[in-house]
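First up is the structure itself, then whatever we jot down about it.
Numbers here simply count residues along the sequence, with the first being 1. Values below: every heavy atom of this structure, side chains too, minus hydrogens, waters and symmetry copies.
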Amino acid sequence: MNYLIHEIPTGSNVWHFRHSLDKFDGLCRPCCAVGLLRLPVFTTQGGSGKSPGINAKPPVYVIPLGLSLAETLRLSWRSWPQESNLGTPAWEKPNLQLPKTGDVPMLAGLTWLPRRVWLDDPKGREAKCIYCAREELLIRRCIFAGIGTTKSDAQGRVWHDPHVIRHRKGMVMTPSNALDACDAAAGEWAKITHAILNGEQGAERRKVWVVSFASRQNKYFEAKEFEIPLISATDHQKLRHTITEIETWQNEAERLSKKIQKILRSPEETRQKPSPPREHTEARPMVAALRPHVEAKVSAKLDGLLAGGEHDWEQAANEYQPIMGAVARSLSPGYTSAAVERRRQVASLKPNMRPIAKASKRPGPKKGGDK
């Protein structure tokens, strides 16, 4: 039964702080309902005959939030394309099959189930649910069946989920896998916020809810959920300024290790031309190890960054300085004047969030002077 909840390690998955035992641990009925509701949007490839959900690898989902459930539903409805092809939801037609060609109807695509699930009766004595720890009769077994492969059927199928982020020539944004590199998901909050602000400028928005699962096939590595307060679409100047600030933050964070490498090079290495100077390989992994800590602190202040101005982004850049001193002492030990100077320069590094002054376009003197 525990395969229904993505965050619970089961079977041969890596045993970390919590693991579930088949036929021993189980889920309470409310948690079973949560798992069933997740099936259409978060199901991944589960082996032969077990196809993923309609969006294949689970993307980053974004839901507009209102002040009430009714307003949230209305905002969500308004984000759908204005079309008459709504179709039939899966609960009205359980054996619903997706069309092999053409557009997928909206309600059919949002509710289509890639698995067939039959729950067993709650049996045995009361115990704690492996997911929520509620103590009651648990469901420990279910039939969790695929519906056959759909890869060959999807060639001519067209589906546009209204709750996913599209970027880079219409590609759907998927969450970064934090296990691929220690800083792989560090700046994801900035990437997602930038894509939302840059692509939803005409929408009616107050706040959005972001939910994503980093996954590979039927393995789930990391779940993320956070809210982003958005700027009014009518304030175009403020919106464009914030987008520029986020782009600057992303670029500066990526350049940080290169700046350190440049400082660590000796004058002899710098003069080596045209051959490139030696890379100080220790700088990149050290910055990568520190970025998640800084990005987590900065993303917690997202409300102020979006509502504030240059001073708020400057304060965000200052989050790097308490740890850059330790980086400097590690990368440039010694007591020579050159080592001390390198330590000083590395310790002062941080993202440069100040706007770049435009060069003056005053005309220069005419050739030949006055005549």
For residues [X] and [Y], report the shortest heavy-atom separation together with the two atoms involved.
{"X": "E252", "Y": "P351", "result": "CB-CB, 3.6 Å"}
{"X": "A133", "Y": "K128", "result": "O-CG, 3.8 Å"}
{"X": "C32", "Y": "M1", "result": "SG-CE, 3.5 Å"}
{"X": "P58", "Y": "P175", "result": "O-CD, 3.4 Å"}

When you compare the side chain of [Y] with that of [X], does any pair of heavy atoms fall below 4.5 Å?
{"X": "R29", "Y": "I139", "result": "yes"}
{"X": "L27", "Y": "I8", "result": "yes"}
{"X": "I192", "Y": "I228", "result": "yes"}
{"X": "F213", "Y": "T44", "result": "no"}
{"X": "V62", "Y": "H163", "result": "no"}
{"X": "P40", "Y": "T111", "result": "no"}
{"X": "C132", "Y": "P30", "result": "no"}

Trace of the side chain to side chain contact (heavy atoms under 4.5 Å, CB included) decision for N55 with W159: CA-CA 8 Å; N55 289 321; W159 166 243; 3.1 Å; yes

Under 3.5 Å donor-acceptor, T244 side chain and R240 backbone: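 A pair under 3.5 Å: yes.
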
Side chain R116, main chain I143, donor-acceptor under 3.5 Å: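 Answer holds: no.
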
Identify every side-chain donor-acceptor pair in residues 118-125 under 3.5 Å, counting partners at least two apart or on other chains, and give the distances.
none

Transitive ILVMFWY side-chain link [X] to [Y], under 4.5 Å:
{"X": "V104", "Y": "L86", "answer": "yes"}
{"X": "V208", "Y": "F226", "answer": "yes"}
{"X": "V287", "Y": "V298", "answer": "yes"}
{"X": "I243", "Y": "W313", "answer": "yes"}
{"X": "W91", "Y": "L107", "answer": "no"}

To the nearest 0.5 angstrom, please state how far the [atom1] atom of [X] sits from the [atom2] atom of [Y].
{"X": "L39", "Y": "W112", "atom1": "CG", "atom2": "CH2", "answer": "10.5 Å"}
{"X": "L349", "Y": "K262", "atom1": "CG", "atom2": "NZ", "answer": "11.0 Å"}
{"X": "L36", "Y": "I5", "atom1": "CG", "atom2": "CD1", "answer": "8.5 Å"}
{"X": "N318", "Y": "M353", "atom1": "CG", "atom2": "CE", "answer": "11.0 Å"}
{"X": "D22", "Y": "Y3", "atom1": "CG", "atom2": "OH", "answer": "5.0 Å"}
{"X": "I130", "Y": "L138", "atom1": "CD1", "atom2": "CG", "answer": "9.5 Å"}

Whichever hydrophobic residues join L73 through chains of side-chain contacts under 4.5 Å: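 Under the 4.5 Å side-chain rule, L73 groups with L69.
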
Side chain to side chain contact (heavy atoms under 4.5 Å, CB included) assessment of V346 paired with M324: CA-CA 7 Å; V346 173; M324 290 308 295; 4.1 Å; yes

Once salt bridge (Lys or Arg N to Asp or Glu O under 4.0 Å) is applied, do any residues pair with [X], and if so which ones, sequence neighbours excluded?
{"X": "E227", "result": "K207"}
{"X": "K350", "result": "E314"}
{"X": "K301", "result": "E319"}
{"X": "R141", "result": "none"}

R329, CZ atom: more than 12 neighbouring heavy atoms under 6.0 Å: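 Count not over threshold, so no.
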
Greater than 12 external heavy atoms within 6.0 Å of W209's CH2: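 No.
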
Qualifying residues under side chain to side chain contact (heavy atoms under 4.5 Å, CB included), relative to [X], sequence neighbours excluded:
{"X": "A338", "result": "T336, R342"}
{"X": "A108", "result": "L96, P105"}
{"X": "H293", "result": "K297"}
{"X": "A186", "result": "D183, R291, P292, E295"}

Side chain to side chain donor-acceptor pair (under 3.5 Å) between E245 and H241, worked out: CA-CA 6 Å; E245 292 283 14; H241 176 74; 3.2 Å; yes

Qualifying residues under ring-ring contact (aromatic ring centres under 6.0 Å, His included), relative to Y61, sequence neighbours excluded: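 Y61 satisfies ring-ring contact (aromatic ring centres under 6.0 Å, His included) with F42 once adjacent residues are dropped.
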
Step-by-step side chain to side chain donor-acceptor pair (under 3.5 Å) determination, E254 to Q250: CA-CA 6 Å; E254 292 175 359; Q250 291 174 300; over 6 Å; no

Pairs meeting criterion side chain to side chain donor-acceptor pair (under 3.5 Å) with involvement of residues 30-39, two or more places apart: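 Qualifying pairs: H6-R38, E7-R38, R38-Y131.
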
